[in-house]
Each structure stands twice: as C-alpha cells, then as structure tokens.
Amino acid sequence: MKRMISFIVVAFACGALFAASMDIKVRNVPKSAMESVFSNPKEGLPVIVRFLTQNVGNESTKVKLLHDWICDNIAYDTEMYFSGWVSKQDYVSVLKKKKGVCSGYSNVMNEMCRLAGIESIGIHGWSKGFGYRGELGDRTDHEWNAVKINGKWQLVDVTWDAGHVDYKTWIKHYSDEWLFLEPQYFIYSHLPEEDEYQYLKQKKTKEEFVKEPYVAGKFFKMGFSFGKNIPDYKTVISGETEFDFGCNQTGISITSKLREAKSGRNVESFSWVNRSRNTFTVNFDVPDRNDYRAFIFAKKLSEENYGNRFSIAQFENDFLPRIAQFVAEKKISKNEADLFESAFFKVEENGSYYIYEDLFATQRNLAVKKIFKLLELSAGYLEPVLDFRIATAELYEGFGNGIKFPSYYAAYSGAVNTKLISPRTGVLKKGSKVKFEITSGDFNGLAVKASDKLVPLTKDSSGVYSAEIEISDVDKVIIYGTKNNKNYTGILFYQVE
C-alpha cells in the first residue's frame, strides 16, 4: 500500500493569524445535515454538496466551497501518520472519523466534486512536505487533486490548505494557497508520478524537481518571480552569495533568515535583503562549514498578521498576568479576557500554546486582536515563501564568528523602495570615518546617529542620500528615516567595536 501521507510541517513558527478568507456558506449548512454527514456519509454528503452549490453557477466558486468545507471540518490524522500504517482512507471512513491523511482528503474532494457534477481526480506523487530531505523515495508520498473547470484542469491540495503539523500536533490553519495554483508553480512542490498530470508542455524530471528549492504557493500568489540566479535545494557557496527576484505587487514586506539546519536556531546578521521597487536581492553567507537553511519571508503590508504559537512560559507568566491587570484597569472586560483564554489550547510536549482557529468566531477574534495590541505584539508576522539549504564548498571555511551584515528593524523590511548602498558590513570601527549611502522612495528624510547627535543625510540629484560621518565612542550606529520630517523611526543599525 502506498503511503499517501505528506503534509506541511512548520517547525520554525506557526502560520499567521486570520490571514485568509473562508466562504461563510460552509458554516450556514443546516445542523441536521452536518450531523447526518458524519454518521451516515453516503446519505449526508449529497445534502451538504447540494446546499453548498445550489444557485452557484460558477464552477470555480463551487470547488472553492467544497475545498473550504473540507478544510473546516476534516483534521489531519497525525496518530495514523506517526503509526506508520495508513488504512481506511475512503471518503466514508474519513467523514465518519472526521480525520484523514492526504489520500483521505483527496477522496473526499473527489466524491464531493462528483456529486456537484465536476470532474475530479486524485493525483499520486512526491512532495516537498514533511520528511523531504532533497531526494525522492521509491514510493510516492502524497496525493492531491485536479479538477476540470470550463474544460481546463486546475490543481488543488486540500491537505496543505487545511493546516499543518507542529511536532506531532495538528494545527488547523485555513489557506487558499494551494487552490488553483498554476501548474508551472505547483510543480515546484508537487511532482506527479505520471508526467501527464503535470499539465505542462515541458515536463519536469525527477532530477530537476530535486534540484529546485521549496517554493511556497504564496511566493507566486504574492507576485514574486525568480531572477537570473535561482538557489538550488542544496546550494553550495564559496563565499557571500546573492540571489535576485522580482515582485510585481506593491505593499509586500520582505525579510530573510539563516538558521542552523539541525537546531533551527537563528543565525543573526548572515542574511541581507535590499529592495528597489519591483526587484529585490537577498545575500547569504555562513559562519562555518555546518549545514544551514536559508529562508525568505513575506507578507502583505495591509494584513495584520500575528503568530499563533507562544511558549507556555510566555503565555502563562507574561500574557495571563498582564491580561488580568488589563481587566483590573478596565482596559478590557472580563468577558474579553475569557474569550482570549478560550481561543488557545496547550500542548505540554511541544512547550506551546496554540490558537484554535475559528475564522467565524468574530467576537472571540476581535478580543484576541485587541489584547494582542495591548500586549504590544507585532502584527507584522511574515510567512516563509522560499526555503533551501546552504553548504560550503570544499575550500571555503565560512565567514567566521562575527557580524556579517547590518541588522534591520521592521521599518526596513516593510519598506518597498529602500536600498542600502554602503556600508554593508555589520560592524563599524570606533574613530573611523564612514560614508553612508542609501536610496529610498519610502522616506523623505534619512539621518544617522553615530554620536549624541542625529546627522541628516543629504540627497543628491541621483536620489542617493549620503554623508561621511565619524564614528564616536558608541555601542551602536543607527540609521533613521522620517516620512513627515518630524518623527524618525529606526531602519538599520550597526555594531561598533
């Protein structure tokens, strides 16, 4: 039996809070129909599908409604997955249990589409989900769907859109990232066993699939594209390495991270992003010959995104006492505090609290956001859109222990047209004279604090802000930006030795 069991694992952080839009119709299904479908699926499922698709003429809308209902009602069966043995993934068994692995999700989608009069098939193949290490096994590890809409096959992965697994815990997190993603983008993470189901004129080989990095669907849905230098899944470097990308959408925040491959620990100051209108470059280096993972993160600036996983210590020793104080100070009501606590569940073995996602619990979600703001949590959570490994060439020992690049604040990663020209080193020398050069379409004024004074940078005719500044006896040099010539916010900073 093939093990159709791949899912997305987010081991570095959990998904953004309330970022996608599920159709409200999935919650308007009559209670009697919902009770019936899980006790007697063969009789109940036609009623569900009929309710969801009645008076809906557009086939794409129909499929999204079916996709959303599955995401809202079926959990990933982690117990079955980690047992190593998969069985009973027919749609009846999955609905009765309200759980399934990827083949189960696919089978439910196929049956719902059949009942809606839409052609749907399950596709067996390999994916860059949990357990992927840059090579393909002899057996396929995943299953997804293709649906025929207006004569054209469209790809859908309901499993990956329903949520993800953190360690061994299923985290419900709705997405439409893998709904109708174009085949030329879907192929970066899903390789069908049979070439015809790639739906591409130029078929991708196993060797090409393995060579490429993991690219999230949202990478393309946010308007990103590859430039000349595309990273491999395992990129070998001989020094600082640069990759360039395009982005045809405005209002996208971007950042990057380098992490140790084994521990997942962040390695600060070894990645760098420069953004200039519709292009951006990302630079990476490594401190030594160990293996590392490189990430690019992004989000829409218009979205308020919060992480949905918090350590037990932070939640119980910081959040809860402060929330009790908010109630005492009448900043929130006791009901809002109770709603906040009811939104989370605790997983001792993961050392974490997670939010239980319910996109339609409006009162609860408003209370959570209100309290997050009072707790002064950042709403700028960025999600990973690209992931690859970095190793050193035989003769390269790495940059060494130290600070490679400058560090940046959220205002820099949120800027869409600000580019640092120099200096690009992360450490400045006391007593030295340094020429600062930076271009920006986001700020109408820039200044550097390298002593007790804020020194403005002068903008020349080519649009470059610059000044030569002597570094005094300080621990840190900060570049500030202003949008109103009054209030300055930190953009970048350097360590001083």
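For the numbers below, each heavy atom of this structure counts, side chains included, while hydrogens, waters and symmetry mates do not. For this chain, numbers begin at 1 and follow the sequence in order. Remember, predicted model here, so these are calculated numbers, not experimental data.
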_By ring pair (Phe, Tyr, Trp, His ring centres under 6.0 Å) - contacts of F243 (at least two apart)_ = F388
*Show your reasoning for whether side-chain contact (heavy atoms from CB on, under 4.5 Å) applies to L375 and R322.*
CA-CA 8 Å; L375 291 169; R322 291 170 66 191; 3.8 Å; yes
*In terms of ring plane angle, is the pair Y185 and F220 parallel, tilted or perpendicular, where the classes change at 30° and 60°?*
parallel
*F344 vs F315 aromatic rings, parallel, tilted or perpendicular, using cut-offs 30° and 60°?*
tilted
*Does anything in residues 449-467 pair up under salt bridge (Lys or Arg N to Asp or Glu O under 4.0 Å), and if so which pairs, sequence neighbours excluded?*
none
_Just to verify, what does Y488 make a ring pair (Phe, Tyr, Trp, His ring centres under 6.0 Å) with, not counting sequence neighbours?_
none
_The test is side chain to side chain donor-acceptor pair (under 3.5 Å); show your working for S466 and E437 and say whether it passes._
CA-CA 4 Å; S466 66; E437 295 179 294; 5.3 Å; no
*Residue pair T255, Y408: steps toward the side chain to side chain donor-acceptor pair (under 3.5 Å) verdict*: CA-CA 9 Å; T255 190; Y408 45 85; 2.8 Å; yes
*Let me know which of K234, K206, K204 forms a salt bridge (charged side-chain N to carboxylate O under 4.0 Å, His left out) with E212.*
K204
Hey, can you pull the donor-acceptor pairs under 3.5 Å for the side chains in residues 394-407, sequence neighbours left out?
from: Y396; atom 1: OH; to: D285; atom 2: OD1; distance (Å): 2.8
from: Y396; atom 1: OH; to: D285; atom 2: OD2; distance (Å): 3.2
from: Y396; atom 1: OH; to: F399; atom 2: N; distance (Å): 3.3
from: K404; atom 1: NZ; to: E240; atom 2: OE1; distance (Å): 3.2
from: K404; atom 1: NZ; to: D285; atom 2: OD2; distance (Å): 3.2

*Does T279 offer a backbone N or O that forms a donor-acceptor pair with the side chain of D244 under 3.5 Å?*
no
*Residues which pass side chain to side chain donor-acceptor pair (under 3.5 Å) with D161, listed by chain and number, not counting sequence neighbours*: H67, S175
*Among all residues two or more places apart in sequence or in another chain, which pass the ring pair (Phe, Tyr, Trp, His ring centres under 6.0 Å) test with F245?*
F226, F280
